[in-house]
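Scope of the values below: all heavy atoms of this structure, side chains included, with no hydrogens, waters or symmetry mates. Letters A, B, ... mirror the listed sequences (proteins, then strands); counts begin at 1. Everything numeric here is computed off the predicted structure, so don't read it as measured data.
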Amino acid sequence: MRIVFMGTPDFSKTVLKTLCENGNTPIAVVTGADKPAGRGYNLMQSAVKKYALEQKIEVMQPEKLSDPIFFEKLSSFDPDVIIVVAYGKILPESVLNLPKYGCINAHASLLPMYRGAAPMQRAIMDGKSETGVTIMKMDKGLDTGDMILTLKTAISDEDNFETVHDRLSKLSGEGVINVLKLLEKGEATFTAQDEKKATYAEKISKSDEIINFYRTAKEISCQIRALTPFPFAYCMFNGKKLKITKADVLSDFDAKGKNPGEIISVNKNGITVATGKGALLITEVFPESKRRMNVCDFINGAKIRQGDILISANY
RNA sequence: CGCGGGGUGGAGCAGCUUGGUUAGCUCGUCGGGCUCAUAACCCGGAGGUCAGGAGGUUCAAAUCCCCUCCCCGCAA
């Protein structure tokens, strides 16, 4: 199989790595342009680019996929299949139709649910108990292609974006390998998505990061887990951002007479804060300008005490 | 030179604006006590010279000025 791989972030890199380690090393990789990022705005290479360079795989970083020079170059590789994982841009039909087997995409959700930019985060945020990856043959729509393979994984109360992301990136790698085999044997089956069940996972915005203590403890917990370790859910304490990175739900806690956001108790177990329904036991935080730390350390340093209020940020 | 926060005993912080007795707090740790017992409580101890610069100012600097190194947030 002559494979061209398209992808950009860490999730994609894991899939690329799996391919390489299984004897399916792509002949070329297409990834996003280097962008200024980090402190000092230094130019940063994508995770996929770094790995591809290490593996001595040719890297392309076209500004536009519609660029005829790029297309010519891509055509010259005469790919049998193009594997696309979180590349970040819409592929033009010319590219979709180029490879013999078409473009194969791994999407981190159980399609047709959670099409779009942030499927993992949205699934966790919505409190889903299950998610997965879908390998599909791409068409011109956004994550609307016919499905070839679906791999599921459960979401537990302990899971957060990081753990789900890691698991799904590995599953995606496995899924893609399997689909390649199916394609080669001509045994791949293509199932159309049920449009009626389609949902869209909008990308995470600033407002998604703000913790609203009037919501239920369960909902807030899901929000925190969906946004850890990036970009984090936060509230305000003493005029500063306080990201909450871990918290347990105390669903049977009777918060009557307490205002949402009010701190009910502070002890070695953590900080208990009232919510719209039930309470939240905060066990790990990430204060502004500080490091992510165990809640005990935070309690020792900040003089937080019972009766203090955590405010839902609004700026 | 994108903007901002910070480097103080093992951890998290205060002190620095208005320089000057033994550098303070919470936790951990070590020893002792209380207790059937304890992560609970009580008593006592060890441990820092304040990122680095045989730098500047000063009678005197963790506290003011200068330089270097490092960490973090924003932004992406």
Side-chain angles (χ1 to χ4, degrees), chain A residues 6-13 30-53 59 61-64 85-90 108 116-122 160-162 165 169 201-211 223-224 226-248 250 263-273 280-315:
Chain A
M6 297 180 71
T8 301
D10 214 62
F11 190 94
S12 316
K13 182 205 122 180
V30 184
T31 192
D34 296 355
K35 285 190 289 190
R39 218 164 291 121
Y41 275 104
N42 296 313
L43 228 46
M44 301 291 282
Q45 302 179 332
S46 74
V48 163
K49 180 177 178 181
K50 284 183 196 159
Y51 183 77
L53 290 177
V59 173
Q61 296 177 281
E63 282 296 318
K64 288 184 178 177
V85 183
Y87 174 64
K89 288 178 183 169
I90 305 292
M120 294 179 274
Q121 294 95 321
R122 293 299 173 191
N160 60 23
F161 177 43
E162 182 172 36
H165 173 280
S169 61
E202 230 162 302
K203 83 177 185 194
I204 301 300
S205 69
K206 290 289 170 197
S207 59
D208 288 314
E209 299 169 29
I210 297 169
I211 294 174
Q223 178 189 11
I224 291 168
L227 302 179
T228 301
F230 184 83
F232 295 112
Y234 69 94
C235 58
M236 301 299 286
F237 175 64
N238 275 349
K240 291 196 172 183
K241 261 193 192 182
L242 181 65
K243 295 173 182 172
I244 299 178
T245 58
K246 266 188 195 169
D248 295 330
L250 305 179
I263 290 169
I264 298 159
S265 70
V266 176
N267 58 46
K268 307 88 218 152
N269 296 322
I271 297 169
T272 304
V273 57
L280 210 56
L281 176 67
I282 300 169
T283 58
E284 191 185 81
V285 298
F286 196 158
E288 181 175 324
S289 290
K290 296 294 167 61
R291 295 153 199 273
R292 188 170 167 179
M293 62 179 76
N294 185 285
V295 72
C296 294
D297 286 336
F298 178 68
I299 292 168
N300 285 337
K303 338 77 184 157
I304 188 165
R305 61 191 65 178
Q306 184 176 349
D308 284 348
I309 305 290
L310 295 179
I311 298 167
S312 299
N314 57 342
Y315 66 70

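Within the nucleic acid shown, F230(A) comes within 4.0 Å of at least one base atom, counting heavy atoms only.
Closest to the M293(A) side chain, of the nucleotides G73(B), C13(B), A76(B), is C13(B). Candidate nucleotides C74(B), G12(B), C71(B) were compared by shortest atom distance to the side chain of K241(A), and C74(B) ranks first. Checked against C74(B), A75(B), C72(B), the side chain of K243(A) finds its nearest nucleotide in C74(B). Comparing C71(B), G12(B), C72(B) by their nearest atom to the side chain of F286(A) picks out C72(B).
Nucleotides A60(B) and C72(B) are separated by 38 Å at their P atoms, to the nearest Å. Taking atom P in both G6(B) and C34(B), one finds a spacing of 47 Å when rounded to whole Å. Taking the P atoms as reference points, C42(B) lies 26 Å from G48(B), given to the whole Å. Across the C1' atoms, G9(B) and C13(B) are found 13 Å apart, a figure rounded to whole Å. The gap from the P atom of U8(B) to that of A62(B) amounts to 15 Å, rounded to the nearest Å. A distance of about 23 Å separates the C1' atoms of C50(B) and G45(B), rounded to the whole Å. Annotation: C67(B) and G28(B) have their P atoms spaced 42 Å apart (nearest Å). Only the C1' atoms considered, G44(B) is 39 Å distant from G5(B), to the nearest whole Å.
Judged purely by atom type and a 3.5 angstrom limit, T8(A) uses its side chain to pair as donor or acceptor with the backbone of Y87(A). In this structure a side-chain-to-backbone donor-acceptor pair under 3.5 Å is present from S12(A) to V85(A). Of the possible polar contacts, one joining the Q223(A) side chain to the I210(A) backbone as a donor-acceptor pair under 3.5 Å is found.
Checking G2(B) for Watson-Crick or G-U wobble geometry (two distances, each under 3.5 Å) identifies C74(B) as its partner. With a cut-off of 3.5 Å on both pairing distances, U38(B) has no Watson-Crick or G-U wobble partner at all. Summarising the base pairing, U18(B) is matched to no nucleotide, lacking a Watson-Crick or G-U wobble pair whose two defining distances lie under 3.5 Å. Within the shown strands, C30(B) is the pairing partner of G44(B) under the Watson-Crick or G-U definition, both distances less than 3.5 Å.
Between the side chains of S265(A) and T272(A), at least one donor N or O lies within less than 3.5 Å of an accepting N or O.
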Protein-nucleic acid N or O pairs under 3.5 Å, nucleotides 4-10 of chain B:
{"unit_1": "G5(B)", "atom_1": "O2'", "unit_2": "S289(A)", "atom_2": "OG", "d": "3.3"}

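Nucleotide C27(B) holds its P atom 13 Å from the CG atom of N267(A), rounded to whole Å. Atom CG of N238(A) is separated from atom P of A14(B) by 11 Å (rounded to the nearest Å). Taking atom CZ of R291(A) as the reference point, atom C1' of A11(B) lies 11 Å away to the nearest angstrom. Between the CZ atom of R305(A) and the P atom of G12(B) there is a distance of 21 Å, given to the nearest Å. If you take CD of E284(A) and C1' of A11(B), they are 14 Å apart, rounded to a whole angstrom. Atom NZ of K303(A) is separated from atom C1' of C13(B) by 8 Å (rounded to the nearest Å). The distance from atom CG of N300(A) to atom P of C27(B) is 7 Å, rounded to the nearest whole Å. Going from atom NZ of K35(A) over to atom C1' of G2(B) covers 17 Å, rounded to whole Å.
When each of V295(A), I282(A), T228(A) is paired with I244(A), the side chain to side chain contact (heavy atoms under 4.5 Å, CB included) condition holds for I282(A) and for no other.
Comment: E202(A) does not engage R122(A) in a salt bridge, judged by the lack of any side-chain N to carboxylate O separation of less than 4.0 angstrom.
One finds no side-chain N or O of K268(A) lying less than 4.0 angstrom from the OP1 or OP2 phosphate oxygen of U38(B).
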For this session: Given side chain to side chain contact (heavy atoms under 4.5 Å, CB included), test E284(A) with M293(A) step by step and report yes or no.
Result: CA-CA 6 Å; E284(A) 191 185 81; M293(A) 62 179 76; over 6 Å; no
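Screening residues 294-307 of chain A for salt bridge (charged side-chain N to carboxylate O under 4.0 Å, His left out) gives no qualifying pairs among residues at least two apart or on separate chains.
Between I211(A) and A233(A), the shortest heavy-atom distance links the atoms CG1-CB, 3.8 Å.
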